[in-house]
Amino acid sequence: MKNITVIGSINVDLVAVSDKRPKAGETVIGKAFHTIAGGKGANQAVASARLGANVTMLGVVGNDTYGTFSLDNLKENNINIDSVGVTNETTTGVAQIVIAENDNSIIVIPGANDKCDVNYAKQNEKKILASDLVILQLEIPLETVLFIAGLCKKNNIPVLLNPAPACVIPEKLIDDVTFITPNEHEFELIFGQDSNKDTLLKRYPNKLLITEGSNGVIFHNGSEIVRVPANKVNVVDTTGAGDTFNGAFGAAYINGKEIDEAIKYANLAAGISVTKLGAQGGMPTQQELDRWEQF
Ligand code: RIB
């Protein structure tokens, strides 16, 4: 069976649901509060595993209640956590999330995710090199991401980079990965506000997949720019939609699906995920996805 290794953040999400987003200096009364498993790395690992992939998680948590909570959650989702680091030096990463006015805003406090450094990656080199696909995001130190992408490139291991949260990245990182999946905001930050989408899609055929939310995903298939539409759904919470897309795309890719088919599959999974609260709350299993496909 093929393996996916996700190297990335593991957070606990502290989610406040409110009708109104408070302005600076304002207090509003919210409707609900949830403490749930999150972190872009962990979310993408869960998305792939729910769809049947064999997933190993690499990352670091604190030696605290949130660390235990996060590890239990990964285990429950059948993810190999043997090499997840536990540090005494700092606390498990947290994300403070406000869901209001049909969108979310997130503040991430990386904590132990910053300990997912190059040293830690080197200690886990064997696991990384035994992967059929490595999935990375940008909630761990950028040097770690650069190191792993370079290592994988040298060893012909495909890498899916979800460049989130958005930051400026060196061109070498784009060259080293197999797929890069920015949303529109991340695309502008990486390639510059005035950059021409069509030109860049052409420059990176079958690699640059731009996710545009309800407008679907665009990429260049080697001959032309193609848009794979998103599914229409009742949105409850968009947190983790991108993570579901990436995890599902990874699962489809290692199963040999063509890129357009893998995007279609990942779009469906991401669409299902937003119908429930929480980054991982709505991530579908293969059976759920099959059921949705019939509609
Ligand atoms: O992509 C959603 C995730 O971003 C949340 O789960 C939160 O932890 C932040 O990392």
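Here the structure is a predicted model, which is why all the values come from computation and not from measurement.
For the residue pair Asp64 / Thr92, a side-chain donor-acceptor distance below 3.5 Å is found, with atom types taken as modelled. Side-chain atoms of Asn113 and Glu139 form no donor-acceptor pair, as typed in the model, at a separation below 3.5 Å. A side-chain N or O of Asp290 and one of Gln286 form a donor-acceptor pair less than 3.5 Å apart. At a cut-off of 3.5 Å, with distance as the only test, a side-chain donor of Thr239 or Asn104 sits close to an acceptor on the other residue. Side chains of Ser83 and Lys127: a donor-acceptor N/O pair is present below 3.5 angstrom, by distance only. Donor-acceptor pairing under 3.5 Å is recorded for the side chains of Asn162 and Gln44. Of the N and O atoms on the side chains of Gln280 and Asn73, at least one donor lies less than 3.5 Å from an acceptor on the other residue. If you check the side chains of Asn11 and Ser9, you find no donor sitting under 3.5 Å from an acceptor.
At a threshold of 4.5 Å between side-chain heavy atoms, the hydrophobic network of Ile, Leu, Val, Met, Phe, Trp and Tyr places Ile180 and Ile210 in one connected group. Note: the hydrophobic cluster containing Met283 also contains Leu133 (ILVMFWY, side chain heavy atoms under 4.5 Å, direct or indirect links).
Put simply, the side chain of Glu101 gets close to the backbone of Arg21: a donor and an acceptor are under 3.5 Å apart. Side-chain N or O atoms of Ser70 include one that pairs as donor or acceptor with a backbone N or O of Tyr66 at under 3.5 Å. In terms of modelled atom types and a separation under 3.5 Å, the side chain of Asn255 and the main chain of Lys257 share no donor-acceptor contact. Looking only at distances, a side-chain donor or acceptor of Thr178 sits under 3.5 Å from a matching main-chain atom of Val159. Glu186 places a side-chain N or O within 3.5 Å of a backbone atom of Asn183 that can act as its donor or acceptor partner. Looking at Lys153, its side chain never comes within 3.5 Å of a backbone N or O of Pro158 through a donor-acceptor pair. In this structure, the side chain of His34 does not engage the main chain of Ile36 through any donor-acceptor pair within 3.5 Å.
Between Ala53 and Ile4, the shortest heavy-atom contact is CB-CD1, 3.9 Å. Between Gly39 and Asp13, the shortest heavy-atom contact is N-OD1, 4.0 Å. Residues Ala241 and Val274 share a closest heavy-atom pair of CB-CG1, 3.6 Å. Between Pro284 and Leu51 the shortest heavy-atom distance is O-CD2, 3.6 Å. Scanning all heavy atoms of the two residues, the minimum distance from Ile157 to Ser131 falls at CG2-O, 3.6 Å. The two residues Leu74 and Ala42 make their nearest non-hydrogen contact at CD2-CB, 4.0 Å.
Salt bridge present: Asp19 and Lys31 bring a charged side-chain N and a carboxylate O closer than 4.0 Å.
Using a 4.5 Å heavy-atom threshold, the side chains of Glu224 and Val226 count as touching.
Counted within 6.0 Å of NZ on Lys20, heavy atoms from surrounding residues, nucleotides or ligands total more than 12; the atom is thus considered enclosed. In this structure, Glu125 places its CD atom where more than 12 heavy-atom neighbours from other residues, nucleotides or ligands lie under 6.0 Å away. Within 6.0 Å of CD in Glu26 there are more than 12 heavy atoms belonging to other residues, nucleotides or ligands.
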I would like to know whether Lys197 and Glu184 meet salt bridge (Lys or Arg N to Asp or Glu O under 4.0 Å); could you show each step before the answer?
CA-CA 10 Å; Lys197 243 187 222 173; Glu184 286 172 289; 3.4 Å; yes
Dump the intermediate steps for salt bridge (Lys or Arg N to Asp or Glu O under 4.0 Å) on Glu89 and Lys115, then the final yes or no.
CA-CA 9 Å; Glu89 287 173 45; Lys115 302 284 172 195; 2.9 Å; yes
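Checked against Pro182 for a side-chain contact (heavy atoms from CB on, under 4.5 Å), the options Leu208, Leu161, Leu189 give a single hit: Leu208. Applying the side-chain contact (heavy atoms from CB on, under 4.5 Å) test between Asn246 and each of Leu209, Thr181, Leu136, Val6 identifies Thr181 as the sole match.
Taking the six-membered ring for Trp and the full ring otherwise, the centers of Phe249 and Tyr265 sit at least 6.0 Å from each other. A ring-centre distance under 6.0 Å is not found for Tyr204 and Phe219.
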